[in-house]
Amino acid sequence: MLCQHCKKHTAVVNYTESNNGAKFSYHLCAFCYADLFGELNNKTNNDIWAGLFGGSNENKKVCPVCNTTYDDYEKTGLLGCTSCYDVFKEELIPSILRIQGKTEHVGKVGKNNDELGLHRRLKTLQEQLEEALREKKYGEADRLNKQINSIKKTLHGGGSNG
């Protein structure tokens with residue numbers, strides 16, 4: 001669960017208060033808790049909070065390649081190496097989804113209308129056509145075939161994109 005205050009870090013303090021029959025819940029990261037209520041600055045308090053809210057100093061994930069911890073990432077915003085993406089994948093996915101809107105890299109290839117981009121698009125369409133024919137999806141195969149012919153006409157005949 002993300003911190004309700006900054007919406008960036010994982011909530012480590014989950015506190016529910018009841019006041020005149022109304023319940024108020026707070027889910028805060030350590031940084032926001034420190035800003036709003038003061039630092040949990042001694043080891044005894046940190047161990048108590050960790051025990052109450054499921055955190056543990058002994059079970060923290062560490063990248064075996066560069067020894068970066070997820071806490072290091074939260075403090076600096078930087079991962080130590082490419083292996084960190086695999087080690088901290090579970091923690092990183094929600095942030096990547098929130099920032100990028102998806103977790104799969106697409107790049108700029110799909111938008112290229114130059115010759116190289118058209119050749120790439122042609123190859124992709126031909127693979128999709130073969131798949132559609134294998135699966136006996138003839139309507140989709142017809143649509144893909146028209147797109148392929150349009151690209152071939154553009155590449156070889158100098159025509160415009162369809």
**Q** What pair of heavy atoms forms the shortest contact from His27 to Ala11, and how long is it?
**A**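 Minimum heavy-atom contact is C-CB, 3.8 Å.
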**Q** Using 0.5 Å steps for rounding, measure from the NZ atom of Lys61 to the OH atom of Tyr73.
**A**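 One gets 13.5 Å once the value is rounded to the nearest 0.5 Å.
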**Q** For Lys146 and Arg143, run side chain to side chain contact (heavy atoms under 4.5 Å, CB included): C-alpha distance rounded to whole Å, both residues' side-chain angles, the deciding distance at 0.1 Å, then the answer.
**A** CA-CA 5 Å; Lys146 287 178 183 175; Arg143 180 185 59 81; 5.9 Å; no
**Q** Inspect the surroundings of CD in Glu135 and state if more than 12 heavy atoms from other residues, nucleotides or ligands are less than 6.0 Å away.
**A**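 Atom CD in Glu135 is packed in, count exceeds 12.
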**Q** Just checking, is any N or O donor in the side chain of Ser83 or Asp86 under 3.5 Å from an acceptor N or O on the other one?
**A**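 No - no donor-acceptor pair under 3.5 Å links their side chains.
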**Q** Mind checking the CG-CD spacing from Leu125 to Gln147? Nearest 0.5 Å is all I need.
**A**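 That separation rounds to 5.0 Å.
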**Q** If you define the side chain from C-beta out and look only at heavy atoms, does anything of Leu2 sit under 4.5 Å from His9?
**A**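 Not touching, per the 4.5 Å side-chain cut-off.
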**Q** State, to 0.1 Å, how close Leu133 and Ala141 come at their nearest heavy-atom pair, and which atoms those are.
**A**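 Leu133 and Ala141 have their closest heavy atoms at CD2-CB, 3.7 Å.
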**Q** Just wondering, do Glu131 and Gln128 contact through their side chains at under 4.5 Å, heavy atoms?
**A**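 Side chain of Gln128 against side chain of Glu131, heavy atoms only: no contact under 4.5 Å found.
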**Q** Calculate, to the nearest 0.5 Å, the distance between atoms CD1 and OH belonging to Ile96 and Tyr85 respectively.
**A**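 Rounded to the nearest 0.5 Å, the CD1-OH separation comes out at 7.0 Å.
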**Q** Testing the basics here: between Arg121 and Ile151, what is the closest heavy-atom pair and its distance to 0.1 Å?
**A**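 Heavy-atom minimum between the residues: CG-CD1, 3.5 Å.
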**Q** Report the distance from atom CD1 of Ile99 to atom NZ of Lys8, rounding to the nearest 0.5 Å.
**A**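 NZ of Lys8 is found 9.0 Å from CD1 of Ile99.
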